[in-house]
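In what follows, chains carry the letters A, B, and so on, assigned in the order in which the sequence lines appear, proteins first and then strands, with residues in each chain numbered from 1.
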2 protein chains.
Amino acid sequence: MTGKIRRGRPRQAEVARLAGVSQTTVSLVLGGNKQGIVIQESTRQRVLEAARTLGYVPDPAARRLAAASNNLLGVFSFTATFPTDPAHSYYPFLVGVEREAAERGFDLVLFTGSSSGGGRAAAPGALERVRLADGCLLFGRHVPTEPLRRLVDDGFPLVHVGRRDEIAELAWVGADYVAASSEVVAHLVDAGHRRVVLVREDDDAPASTDRERGFREGLATAEGTVVRVGAPARELTPEWVLRQRAAGVTAFVAEETDTGAVWRALHDAVAAAGLRAPEDLSLALLGSPPPDLPLATPVTGFDIPRAELGAAAVRALTDLLAGQRPGATLAGCAFRPGATSGPPPAKEAR
Amino acid sequence: MTGKIRRGRPRQAEVARLAGVSQTTVSLVLGGNKQGIVIQESTRQRVLEAARTLGYVPDPAARRLAAASNNLLGVFSFTATFPTDPAHSYYPFLVGVEREAAERGFDLVLFTGSSSGGGRAAAPGALERVRLADGCLLFGRHVPTEPLRRLVDDGFPLVHVGRRDEIAELAWVGADYVAASSEVVAHLVDAGHRRVVLVREDDDAPASTDRERGFREGLATAEGTVVRVGAPARELTPEWVLRQRAAGVTAFVAEETDTGAVWRALHDAVAAAGLRAPEDLSLALLGSPPPDLPLATPVTGFDIPRAELGAAAVRALTDLLAGQRPGATLAGCAFRPGATSGPPPAKEAR
DNA sequence: CCACTCAACTAATACGCATTAGCGAGCACG
DNA sequence: CGTGCTCGCTAATGCGTATTAGTTGAGTGG
């Protein structure tokens, strides 16, 4: 059978033969030539010409094996990178990742191991595959610690997108939720609110605690309470809202989570109580509203610069590759004035 | 520079030393051992034990070098894979691609060469980079023929997503636009329309000509005109719409393109003319509306099974890799009744 | 004119694993 | 007691590239 023609990829040796030089010379011309070995221009040109003619492309595996690099950056997440529902995807990050990687001459390897069968269970050792690339970007909060530590200990360049503290040596880039949350709350306080409530999930993810910290910072002299809810939809009732208002609360702040459950519940409770923002009270969201819940009015809050974070992650990773220790990047979030907040209602102010 | 400290990962050789066997034996025990070489159980156990003790993990690069394939499928397009505007992206295809690739144990390489700098000009030889993978998926209508031919001639496994006829040996998978377009138009004709206009871009991509063919087939006895526009937004004016109507046209059909420009322009022109679908005229789209243009009413047209096409492309590619010739796949599109079409307005019918 | 440097390459080797060929011991058979 | 086999394992080699250690031929200086 002729079908299995493995003629495909030309090797350096073939380029060498065509150019009438040694394989070493080809490697020197086409590879990095970090040693600064001098090659005559005419020879160089002959080699380049031959390589172009044959369509030579270096083998990433061989390159990697020979202890160099292969211009490949990995992208790994433990959920599918392209889930059926785009709302849960890393698409916004990937926009920045692709742009920045292209700019720096890297191609991207999407490790699909995690999503095998479209199911949940990741194959054991799936993470190990990333070693094919020069370095790897990690997405999502659910990357298990143990296999990760292995890679980190071996000095494999890794950058986690999103804050990640339990492995000290693991580089990460994240958004500055503290500053952004603080800014949103300060905006409310400036508008005249004296009592503000933060509603958050009962969960201690860094993203949540950061927001709470920012909330407190932004309060300054105003008074704030934090309410932790386990089951938002059940606990955030219209009665609860009215009770808070009776106690003098004029502004409600919700944290953003994967599901947007807290914001949804708060929003629904307010509506069910017959109240409207910003006339009767002010509402703010520490993040962006879930994309599947298109509201007529834009919500006061902030936008996470996802594409920028993706790009920053690539930069951090290439820094690592260059042997530099990148400082953990904290990207600023853009304040979104929105239209769900304003001055507290007159009758209740002061 | 001392470089990376190599002490991290143990090699098969070290496992072998600890277990008191040869490296070959370790490879046999831990690797596939496709040859079915017999190893005594006690030896096997000793090797496994040693591997566990040292925390051995195979080096994918070395493994792939030795195995002459790297389990990498390429994804290439001449526009950015993740454009800033998700509407233009291949996301829906990628959903299927990722799923299917994962199922078959392949990782994906996204070649960013095409999008370098976010600009249009592709670096010369960008396509050559795909040789790094075992095979490659091609997206988009604008992949230039010449570099492509090179790869095909070399026997490099390639599958184009979307019909592609000018290179006979190039495998492709596509949607059956002819049948789907025909169905949509027939739906209009059945509803009573006697004069229908198709608006398409002035471009001869197979996807466009197929739609036009389907349009003609669907007309049957009704009368149809095809209008080619170069600059949709400028040429499709409200006046143009009114003129068509005066000439007896009661239904307008637009082709779907990457940008959705034609549909947008048509839609806007109709609205600007003060006309409404389906009361005053019928509108249909040979494809899906751009996702960033959320309309209240669903549009009459058809849905391209993008994820399914992506998956089919991966299957075709792995078939090629296995040495089989895959038949070109034509996936059927689902008719979408929508609510922008109906019977022609009474006063003008007949 | 000979040791000596320098430019421009090349030969040889390492990387970690898979695979192929082969080797020694034990055993059955004639 | 020699031939032939099978079992269980190992030595050797190759994959494609990067790197290190030469090698050669031309020029330089004394």
Think [X] has a side-chain N or O under 4.0 angstrom from the OP1 or OP2 of [N]?
{"X": "Gln40(B)", "N": "dC7(D)", "answer": "no"}
{"X": "Ser22(B)", "N": "dC9(D)", "answer": "no"}
{"X": "Gln12(B)", "N": "dA18(C)", "answer": "yes"}
{"X": "Thr25(B)", "N": "dC9(D)", "answer": "no"}
{"X": "Arg63(B)", "N": "dC17(C)", "answer": "no"}

Nearest-Å distance for atom pair [atom1]/[atom2], residues [X] and [N]:
{"X": "Arg131(A)", "N": "dG16(C)", "atom1": "CZ", "atom2": "P", "value": "12 Å"}
{"X": "Glu14(A)", "N": "dC15(D)", "atom1": "CD", "atom2": "P", "value": "11 Å"}
{"X": "Glu41(A)", "N": "dA8(C)", "atom1": "CD", "atom2": "C1'", "value": "14 Å"}
{"X": "Leu30(B)", "N": "dG16(C)", "atom1": "CG", "atom2": "C1'", "value": "13 Å"}
{"X": "Asp59(A)", "N": "dC17(C)", "atom1": "CG", "atom2": "P", "value": "16 Å"}
{"X": "Leu132(B)", "N": "dC15(D)", "atom1": "CG", "atom2": "P", "value": "19 Å"}
{"X": "Ile39(A)", "N": "dC6(C)", "atom1": "CD1", "atom2": "C1'", "value": "15 Å"}

Q | Verdict with supporting geometry, Phe93(A) and Leu137(A), side-chain contact (heavy atoms from CB on, under 4.5 Å) | A | CA-CA 11 Å; Phe93(A) 293 99; Leu137(A) 259 31; over 6 Å; no
Q. Hey, is Asp59(B) close enough to Arg131(A) for a salt bridge, meaning N to O under 4.0 Å?
A.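 Salt bridge absent between Asp59(B) and Arg131(A).
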Q: For the pair Phe76(A) and Phe139(A), evaluate ring-ring contact (aromatic ring centres under 6.0 Å, His included) and give the outcome as yes or no after the intermediate values.
A: CA-CA 6 Å; Phe76(A) 187 94; Phe139(A) 282 89; over 10 Å; no
Q | Position toward the 5' end of DNA chain D (nearest nucleotide), Ala67(B) or Leu28(B) | A |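 Nearer the 5' end of the strand: Leu28(B).
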Q. Between Leu65(B) and Thr43(B), which is nearer to the 5' end of DNA chain D once each is assigned its nearest nucleotide?
A.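 Between the two, 5'-proximity favours Thr43(B).
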Q.
Quiz question: going by heavy-atom distance under 3.5 Å, is there a donor-acceptor pair between the base of dA11(C) and the side chain of Thr24(A)?
A.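 Per atom types, the contact qualifies.
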Q: Ignoring hydrogens and angles, state whether a donor on the side chain of Gln45(B) or Glu49(B) is under 3.5 Å from an acceptor on the partner side chain.
A: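 Side-chain D/A pair, Gln45(B) to Glu49(B): absent.
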**Q.** Donor + acceptor pair across side chains of Thr24(A), Ser27(A) (<3.5 Å)
**A.**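 Absent: no donor and acceptor within the cut-off.
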Q | Among dG16(C), dC9(D), dT19(C), the one nearest Ile37(B) by side-chain distance | A |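 Output: dC9(D).
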Q. Hey, does Val26(A) reach any base, or is it just sugar-phosphate, or nothing, if we go heavy atoms under 4.0 Å?
A.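 Result for Val26(A) = nothing.
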(Q) Both Gln23(A) and Val38(A) contact DNA chain C. Which one's nearest nucleotide lies toward the 5' end? (A)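 Nearer the 5' end of the strand: Val38(A).
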